[in-house]
Amino acid sequence: MRAGLEPAVTGATVSSVTVFDERSLRRHDGPSEDFVDRLAGRGIVSAERRGKFLWLPLGSSPVPEPLEGAREALVVHLGMSGQVLLRDRATDDRLTRIRLDIEHPDHGALRLNFVDQRIFGSMAIDRLVQTPDAPTDSVPTQVAHIARDPLDPLFDDRLFLARLARRNSGVKRALLDQTLLSGVGNIYADEALWAARVHYDQPTNTLSRPRAKLLLAEVRLVLAKALGEGGTSFDAQYVNVNGASGYFSHSLNAYGQQGKPCARCGRPIVRESFMNRGSHFCAFCQRVR
DNA sequence: CCCCTCACCTGATCGC
DNA sequence: TGCGATCAGGTGAGGG
């Protein structure tokens, strides 16, 4: 999404903003009028991401005197069912909760439709702040507690492994903890655990260092492959900014594969409920040890 | 401080 | 065709 938006929004100006459902502003501190006022007329500087958060740093404001050095950004989180669709000005999408019409110097009049069925996602205007692990760049305040993702050149392997070893919980719970590492959700957690042959409920403090390192390496491989294939699309809901599906669902070895033979040993993949969600794994290859 | 449960929501789909 | 049950890829507040 970030890569798809970047060329279309960088250098563009927000012409108008329409909020169709205020619940999609759950992360915005203020009413929808405030959101609209602070966004309309602003320039978009770039498209940034950390973990599952995307934000578009905003340029000069038409609204009364922007505070000295207090830069802001439009923050986007897709939640479980969000989409950002890049359209022309004539195109509407069903379930659009927020609409941004923008003007780009090269690409002309464009439209960003924020579509979200379950409304777990949201948009917000947030202040950009420096954080300890972002010495040079800044992040929105609501992203400050989110760790870097393992593909980030500044991801700290040693810190991650140390924190993992200190934890007292199941390893999948740790993988899903965005303050430990970001970007891993239910699908990629199951895939990385399968690849590393680790059971989802293996206590983190019993993972040997080599296995922890192997798991981190597998997380990286899964994320890199999924990114390369445009993400994981099971249906029309999971699409990029142009409405196209990703292909990683064809590469899944565990997630959603219950009943099918394990690609390694041929025994059936099973599904168990864990943390109010499905965990998919090979009961033979992935045992608590 | 760490860990865990639960609330937050809608719409698509499936079985009857 | 209609209806109810079920399911879904995340996050963070708050209790223990």
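Below, chains carry the letters A, B, ... as their sequence lines are ordered, and counting in each starts from 1.
Only one option out of F234(A), Y188(A), W194(A) pairs with Y255(A) in a ring pair (Phe, Tyr, Trp, His ring centres under 6.0 Å); it is F234(A).
Of the candidates dA8(C), dC3(B), dC8(B), dC8(B) carries the atom nearest the F120(A) side chain, counting heavy atoms from C-beta on. Each of dG10(C), dC3(B), dC7(C) was ranked by its minimum atom distance to the side chain of N168(A); first place goes to dC3(B). Nearest nucleotide to the H145(A) side chain, out of dT11(C), dT5(B), dG12(C): dG12(C). Proximity note for Q117(A) (side chain, C-beta onward) versus dG10(C), dG11(B), dC3(B): the nearest is dG11(B). Of the candidates dT11(C), dC3(B), dA8(C), the closest approach to any side-chain atom of R118(A) belongs to dA8(C). Of all nucleotides listed (dT10(B), dC8(B), dT11(C)), dT10(B) comes nearest to the side chain of R97(A). Of the candidates dA8(C), dT10(B), dC4(B), the closest approach to any side-chain atom of R271(A) belongs to dA8(C).
Taking the side chain as every heavy atom from C-beta outward, L39(A) and I125(A) approach each other to under 4.5 Å.
Residue R163(A) is classed as having no contact, given no heavy-atom separation below 4.0 Å to the nucleic acid. The residue R23(A) sits close only to the backbone: its heavy atoms come under 4.0 Å of sugar-phosphate atoms, none of a base. Heavy atoms of Y188(A) sit nowhere under 4.0 angstrom from any nucleic acid atom.
Here dC3(B) presents its P atom at 11 Å from CG of L164(A), a figure rounded to the nearest Å. We find that CE of M275(A) is positioned 14 Å from P of dA8(C), with the value rounded to whole Å. Following rounding to the nearest Å, D177(A) (CG) and dT11(C) (C1') show an atom-to-atom distance of 11 Å. In this structure, CE of M80(A) is placed 9 Å from C1' of dC7(C), rounded to the nearest angstrom. D116(A) has its CG atom 17 Å from the P atom of dC8(B), to the nearest Å. When rounded to the nearest whole Å, the span between CD1 of I146(A) and C1' of dT11(C) equals 8 Å. Atom P of nucleotide dC7(C) and atom CG of N276(A) are separated by 12 Å, given to the nearest angstrom. Atom CD of E22(A) is separated from atom C1' of dC8(B) by 17 Å (rounded to the nearest Å).
Cation-pi geometry between R287(A) and F284(A) is satisfied (NZ or CZ under 6.0 Å from the ring centre, within 45° of the ring normal).
A distance-only check finds no donor-acceptor pair linking the side chain of N242(A) to the backbone of A244(A) [under 3.5 Å].
Heavy-atom neighbours of R209(A) CZ from other residues, nucleotides or ligands within 6.0 Å: above the threshold of 12.
The shortest distance between the side-chain N/O atoms of R277(A) and the OP1/OP2 oxygens of dG10(C) is below 4.0 Å.
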